Amino acid sequence: AITRRFTDIIGNITRKKITEGNIKETLREIRVALLEADVAFEVIKDFLAKVEAEALGDRVLKGVNPGQQFISVVYEEMAKLMGPVDTSLHYAQQGPTVILMAGLQGSGKTTTCGKLALLLKTEQKRRPLLVAADVQRPAAVEQLKKLGEQIGVPVFSESGVKPPQICLHSLDFAKRQGCDTVILDSAGRLHIDEAMMAEVKEVAALTTPQEIFLVCDAMTGQDAVKSAKQFNEQLSLTGVILTKLDGDARGGAALSVKAITGKPIKFVGVGEKLENTLKPFRPDGMAQRILG
Amino acid sequence: FTFRRTLDEAFVEEIEAELFGADFGPETVRALLDGPNGIRQAWKDKTITEAEEVREFLKRNLKAMLTRREVKLAQAATPPTVILVAGVNGTGKTTSIAKLARRLRDDGKSVVLAAADTFRAAAVEQLTIWSQRLGVDIVTGKPQADPASVAYQGAETALATGVDYLIVDTAGRLHTQVNLMRELRKIRDVLSKKIPGSPHECLLVLDATTGQNALNQAKLFQAEVELSGIILAKLDGTAKGGIVVAINNQLDIPVKMIGVGEKLEDMEPFDVDKFVDAVFE
Ligand SMILES: Nc1nc2c(ncn2[C@@H]2O[C@H](COP(=O)(O)OP(=O)(O)OP(=O)(O)O)[C@@H](O)[C@H]2O)c(=O)[nH]1
Ligand SMILES: Nc1nc2c(ncn2[C@@H]2O[C@H](COP(=O)(O)OP(=O)(O)OP(=O)(O)O)[C@@H](O)[C@H]2O)c(=O)[nH]1
Ligand SMILES: [Mg+2]
Ligand SMILES: [Mg+2]
């Protein structure tokens with residue numbers, strides 16, 4: 001595997017340098033590895049061009065061939081691109097903190113709302129309120145209510161009202177109930193669905209969230225750039241949560257989404273249960289996973 | 001006056017980006033570009049001389065690669081025909097089952113659903129709402145009941161009521177979760193014991209936005225429960241679902257249906273021509 005070949009690179013510098021010729025084969029191998037890992041084609045092109053340009057002329061370490069050294073540079077740059085580690089959650093100065101979850105259908109938003117509520121309750125001693133603002137998926141409200149019951153967190157819902165108004169009303173409810181953090185679930189939506197994108201934009205406009213997360217499935221392929229770009233342009237994301245990382249998807253979407261949006265990947269979902277399945281995103285671990 | 005593109009290396013690179021962007025994956029793209037029937041060879045042999053010819057050439061090759069053409073659902077010699085639906089989390093299984101049931105119902109068939117996802121919050125409620133909207137019966141079990149027991153109940157009900165089709169919903173599961181894959185096999189075994197020859201269809205629901213991991217999913221689900229076909233959901237987005245070509249070539253599994261939206265009518269039989277043409281739109 002590619003990553004096995006660079007982890008033992010330490011040593012003295014020689015007079016040999018990295019050249020286009022001596023890393024040509026390695027570049028080809030890395031490109032294939034990144035494509036197999038679902039990193040977006042354009043992102044691979046830009047990323048490798050940049051890393052190659054910087055690496056050319058570097059002196060090669062003793063006992064290492066230029067290809068191996070180049071791989072270690074790729075790994076470092078990839079970890080740097082996806083980093084730094086950022087698990088910050090911006091809390092409101094006054095009134096409830098609002099966190100909005102958005103993303104494509106089935107990406108894991110509702111489950112992640114539950115996970116985040118539990119995390120904030122147990123680790124940050126916050127008093128969260130879950131808001132069931134998906135009124136179109138059958139039993140979506142019921143799903144969030146059940147999760148709320150499991151973790152002892154109240155769930156706000158309102159029938160006969162559209163999601164922007166549900167979310168707005170939830171803020172008053174939070175204040176009355178003494179909840180300091182409002183987590184807004186939303187219906188899955190396509191980034192090309194103008195009406196649905198306008199709807200979630202309205203939610204954000206009415207509730208002015210401190211955090212707006214794109215919830216993205218780790219097995220997403222080349223489409224990741226298209227959807228992430230749109231969600232970011234429409235919503236000015238503050239972060240990304242990558243779900244289902246407990247599978248064996250290489251997760252190239254992480255690199256694509258970070259490269260396209262510039263927004264930090266803050267958390268990863270690593271399981272279906274609500275306890276201990278929302279972890280801080282680790283750029284170096286992810287770089288290793290993507291490179292294979 | 002239309003600007004005519006020159007067939008040059010830059011053009012081929014654009015085509016390459018388009019092919020990768022459709023999630024065909026390195027092996028398939030390599031074959032399409034550099035294989036014996038690839039673009040570069042055809043360019044060399046002068047079979048292709050104009051840029052306009054490249055996309056048509058690729059379309060023909062892709063259509064030829066999609067060898068499996070069965071889109072008809074199985075029909076058992078004696079009812080019920082049993083359809084088992086599986087796949088990883090969130091791909092669209094429950095919604096696809098509702099859509100399948102609608103097509104069968106509109107085709108004059110009687111259908112019963114089995115809500116064998118006893119694990120996920122409100123999974124049973126979700127399928128129950130669909131069954132009510134469809135006017136079809138549903139078999140459910142207690143929360144956290146053994147899914148195989150619900151499948152068994154479904155089979156019993158289907159036999160007792162003489163219904164044409166039984167469709168069994170299952171919980172999302174990662175193909176890497178060994179115990180859950182074993183649970184799926186158990187559901188299948190329980191069905192085949194109760195109704196010999198069943199499940200007559202074992203369908204894997206894939207999310208069209210999934211990349212190369214879809215191939216791993218298909219491999220491992222195939223190894224566990226012998227798939228008869230794929231439902232490719234969420235093709236109404238911008239993802240092209242190109243991975244189904246590799247799945248066809250390496251695993252010989254056909255795409256039977258595609259999901260093109262969240263409503264009951266948003267399902268169509270897989271059409272190779274439409275699918276390939278859409279890649280280049
Ligand atoms: N294995 C695994 N499964 C997950 C993870 N996060 C969510 N899921 C599962 O993924 C499926 C979809 O999760 P949901 O929370 O319903 O997704 P959603 O984005 O709210 O879906 P829509 O509201 O329909 O758009 C469910 O089966 C979840 O249990 C994760 O990190 N790992
Ligand atoms: N746009 C679009 N959305 C779809 C399609 N099929 C399903 N969905 C949506 O995808 C989300 C997940 O669908 P489900 O049917 O709950 O998926 P599932 O595989 O049963 O999920 P789990 O049981 O949690 O594993 C829902 O929001 C559906 O409305 C489709 O063809 N197009
Ligand atoms: Mg949801
Ligand atoms: Mg389901």
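Bear in mind the structure is a predicted one, so any value in this text is a computation, not a measurement.
- For the options A/Lys244, A/Gln136, A/Gln143, heavy-atom pairs under 4.5 Å to chain B are most numerous at A/Gln143.
- B/Gln217 pairs with exactly one of B/Leu174, B/Val88, B/Asp207 by the side-chain contact (heavy atoms from CB on, under 4.5 Å) rule, that one being B/Val88.
- A salt bridge does not link B/Glu265 with B/Lys99: every distance from a Lys NZ or Arg NE/NH1/NH2 to an Asp or Glu carboxylate oxygen is 4.0 Å or more.
- Comparing A/Ala140, A/Pro138, A/Gly106, A/Ala253 by heavy-atom pairs within less than 4.5 Å of chain B, the highest count is held by A/Pro138.
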Could you please spell out the steps behind the side-chain contact (heavy atoms from CB on, under 4.5 Å) verdict for B/Ile83 and B/Val85? CA-CA 6 Å; B/Ile83 301 176; B/Val85 176; 4.0 Å; yes
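- When each of A/Gln105, A/Glu42, A/Gln150 is scored by its heavy-atom pairs under 4.5 Å with chain B, the top score falls to A/Gln105.
- Chain B forms the most heavy-atom pairs under 4.5 Å with one residue out of A/Thr111, A/Leu104, A/Leu190, and that residue is A/Leu190.
- Top candidate by heavy-atom pairs under 4.5 Å with chain A, chosen from B/Val29, B/Thr209, B/Thr94, is B/Thr209.
- Neither the backbone nor the side chain of A/Glu149 comes within contact range of chain B; no heavy atoms are under 4.5 Å apart.
- Ranked by heavy-atom pairs under 4.5 Å with chain A, the list B/Ala122, B/Ala208, B/Ala123 is led by B/Ala122.
- Heavy atoms of B/Asn89 lying under 4.5 Å from chain A belong to its backbone as well as its side chain.
- Classification of A/Glu25 and A/Arg28 as a salt-bridged pair holds, one side-chain N sitting under 4.0 Å from a carboxylate O.
- Contact of A/Leu35 with chain B is made through backbone and side chain together, with heavy-atom distances under 4.5 Å.
- A salt bridge links B/Arg5 with B/Glu14: the distance from a Lys NZ or Arg NE/NH1/NH2 to an Asp or Glu carboxylate oxygen falls below 4.0 Å.
- At distances below 3.5 Å, not a single donor-acceptor pair connects side-chain atoms of B/Asp23 with backbone N or O atoms of B/Gly211.
- Taking chain B as the reference chain and counting heavy-atom pairs below 4.5 Å, the highest number among A/Ser227, A/Ala37, A/Ala218, A/Ala139 is found for A/Ala139.
- Neither the backbone nor the side chain of A/Asp193 comes within contact range of chain B, judged by heavy atoms closer than 4.5 Å.
- Highest contact tally toward chain A, considering only B/Ala239, B/Gly92, B/Gly242, is held by B/Ala239 [criterion: heavy-atom pairs under 4.5 Å].
- Between B/Glu9 and B/Arg40, at least one side-chain nitrogen of the basic residue sits less than 4.0 Å from a carboxylate oxygen of the acidic one, meeting the salt-bridge criterion.
- Counting non-hydrogen atoms of other residues, nucleotides and ligands closer than 6.0 Å to NZ of B/Lys219 gives a total above 12.
- Interface remark: B/Thr176 contributes side-chain atoms only to the contact with chain A (heavy atom separation under 4.5 Å).
- Ionic pairing of A/Lys162 and A/Glu202 is not present here: no N-O contact between side-chain nitrogen and carboxylate oxygen is shorter than 4.0 angstrom.
- Heavy atoms of A/Leu144 lying under 4.5 Å from chain B are absent altogether.
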